[in-house]
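The next block holds one structure in the form of C-alpha cells; read it before the comments.
Below, read A as the first sequence line, B as the second, and so on, with proteins coming before strands; counting in each chain starts at 1.
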Amino acid sequence: MKLVTWNVNSLTARWERVEEWVQRNEPDVLCLQETKQDDAKFPFEGFAALGYEAVHHGEGRWNGVAIASRVGIDEVRRGFGTKEDADGARMIAAVCGGVEVVCCYVPNGRALDDPFYVKKLAWLDALAADVGHVDADRALAVVGDFNVAPADLDVWDPAALEGSTHVTPPERDRVAALCALGLVDVIRSTHGDEQLFTWWDYRNGAFHRGFGMRIDLVLCSARILDGVERAYVDREARKGQKPSDHAPVVVDFKLTAPR
DNA sequence: ATGTCCCAACTTTTGGGA
C-alpha cells in the first residue's frame, strides 16, 4: 500500500498539481491537509475521475482535511468528539484497505505566548487520547502536518528558531507521547540521521537555500513498520509552478499478518 | 527581519494566517 500525506495549502489553488501528482505516483491512500474548502467545493468528481473515493472534513477559508483512497474508505470519523473540535476541521479518520488512517492538521500555535500555543498542546493530547493503546496487531497510521519538528536534526538551524513554536520541549514531548503509545516515525526510523525536510517557507528563497523543517510525519504501528519497503519525501513536488509550501511524504508498505 | 502565497471581503486593495 502506498500511503501519502500532503499539506496542499488550498486544494482549490493546488488541484492541477495534485491531479498530476496522483496520476504520476498512483498512491493507494492520499491524506490531505489545509484543503481550505467547504464540502461543496471539494473535488469529489475530480478524485472519482482519477479512480478514488474521497471523504472530506471541510470548513471553508481555513483548515480542512481529506482522505482519498482507491482501496476503500470505511468507518469515517470527523474530529475527536471533544472540545478540541472547536479548533477547526483538523482531523479525519477512516479505515482504508484494512489500515486505520488518521489524517491530522495540528494547530500551528502561532507564538509561545499566544493562546493558540496552549490549544496546540491540548489538541495533541486529544489526538493521543483518540489513538489510545497501539497493540501489536493493530494496523494504524497517524499522519499529517504536525507543525512540530521532532528533533533539532529536523530543522535547518535550531538557533534561528529559538523562542519559536514547532521546536519547543512541550511540543516535542507530545510527539514523543504518541510514539510511546506504540507508534514509530517512519521517515526517521528508515533514514538514520539523514536531514530531511517537508516544509519550506515561500519567503526568502527558503527552498533553494535549504531552510526547511520536517513537520509532516507518518507515525505508524509496528505492524505497518514491519512491512515498510520504502519511505521518502518527494522534494520534486515543492518545485515548479504554484507548489504547495509542503512536500508529500510517501510510505510504501506491504500489510503483514498481525503479530 | 520577514523578500510569498492564499483567502475573503464593507472586493480591484487590504488584512489575517501560515
Side-chain angles (χ1 to χ4, degrees), chain A residues 5-21 31-43 46 56-66 84-92 103-124 127 143-150 154-168 170-172 174-175 197-217 233-249:
Chain A
T5 181
W6 191 6
N7 180 324
V8 293
N9 183 22
S10 169
L11 190 52
T12 309
R14 214 66 57 210
W15 175 248
E16 286 185 18
R17 291 288 304 246
V18 171
E19 191 175 35
E20 184 205 15
W21 194 91
C31 297
L32 301 174
Q33 301 87 36
E34 285 205 88
T35 61
K36 295 184 175 177
Q37 294 170 324
D38 57 24
D39 292 339
K41 206 168 183 189
F42 185 85
H56 184 224
H57 183 26
E59 181 177 320
R61 183 174 183 179
W62 306 114
N63 310 314
V65 284
E84 281 70 28
D85 293 348
D87 297 334
R90 296 178 177 276
M91 178 278 209
I92 189 166
C103 171
C104 301
Y105 175 49
V106 177
N108 174 288
R110 300 184 183 176
L112 301 190
D113 60 357
D114 192 299
F116 276 82
Y117 176 73
V118 179
K119 289 190 175 195
K120 177 182 194 174
L121 301 179
W123 199 94
L124 284 162
L127 173 60
V143 312
D145 177 359
F146 282 75
N147 274 315
V148 180
D154 299 314
V155 303
W156 83 99
D157 182 1
L161 289 165
E162 269 202 30
S164 308
T165 60
H166 295 55
V167 297
T168 65
E171 291 165 279
R172 288 176 169 171
R174 265 62 180 193
V175 173
F197 301 144
T198 65
W199 171 86
W200 300 260
D201 201 308
Y202 284 123
R203 295 168 289 190
N204 268 330
F207 180 66
H208 293 101
R209 296 163 75 183
F211 299 169
M213 291 195 237
R214 191 174 69 91
I215 57 177
D216 299 270
L217 307 177
V233 179
D234 183 9
R235 286 182 83 256
E236 297 302 309
R238 181 62 178 76
K239 302 177 182 176
Q241 293 290 328
K242 275 178 72 99
S244 170
D245 45 356
H246 295 251
V249 180

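In this structure, A:D38 has no salt bridge (Lys or Arg N to Asp or Glu O under 4.0 Å) partners at least two apart in sequence or on a different chain. Partners of A:W15 by ring-ring contact (aromatic ring centres under 6.0 Å, His included), not counting sequence neighbours, listed by chain and number: A:F47. Under the side-chain hydrogen bond (donor to acceptor under 3.5 Å, both in side chains) criterion, A:T165 pairs with no residue at all, not counting sequence neighbours. Legend: residues meeting side-chain contact (heavy atoms from CB on, under 4.5 Å) with A:A122, ordered by chain and number and at least two apart, are A:E84. In this view, A:F211 and A:W156, A:A206, A:R209 satisfy the side-chain contact (heavy atoms from CB on, under 4.5 Å) rule, not counting sequence neighbours.
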For nucleotides 13-18 of chain B, 5' to 3', base contacts (B), sugar-phosphate-only contacts (S) and non-contacts (-) with protein non-hydrogen atoms under 4.0 Å give --BBSB
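Here B:dC7 presents its C1' atom at 13 Å from CG of A:D38, a figure rounded to the nearest Å. Rounded to whole Å, atom P of B:dC7 lies 14 Å from atom CD of A:E59. Spacing between atom CZ of A:R14 and atom P of B:dC5 amounts to 10 Å, rounded to whole angstrom units. Atom pair A:L161:CG and B:dT2:C1' shows a separation of 13 Å (rounding to whole Å applied). With rounding to whole Å, A:R209 atom CZ is found 12 Å from B:dT2 atom P.
Taking atom P on both nucleotides, B:dC5 is separated from B:dT11 by 25 Å, rounded to a whole Å. Rounded to whole Å, the separation between the P atoms of B:dG3 and B:dA8 comes to 24 Å. Distance check on atom P: B:dG16 versus B:dA1 gives 22 Å, rounded to whole Å. Using atom C1' as the reference point in both B:dT12 and B:dC7, the two lie 15 Å apart (nearest Å).
Nearest-nucleotide assignment on DNA chain B puts the 5′-proximal partner with A:G205, out of A:G205 and A:K41.
The pair A:E236-A:K239 counts as a salt bridge, with a side-chain nitrogen and a carboxylate oxygen less than 4.0 angstrom apart.
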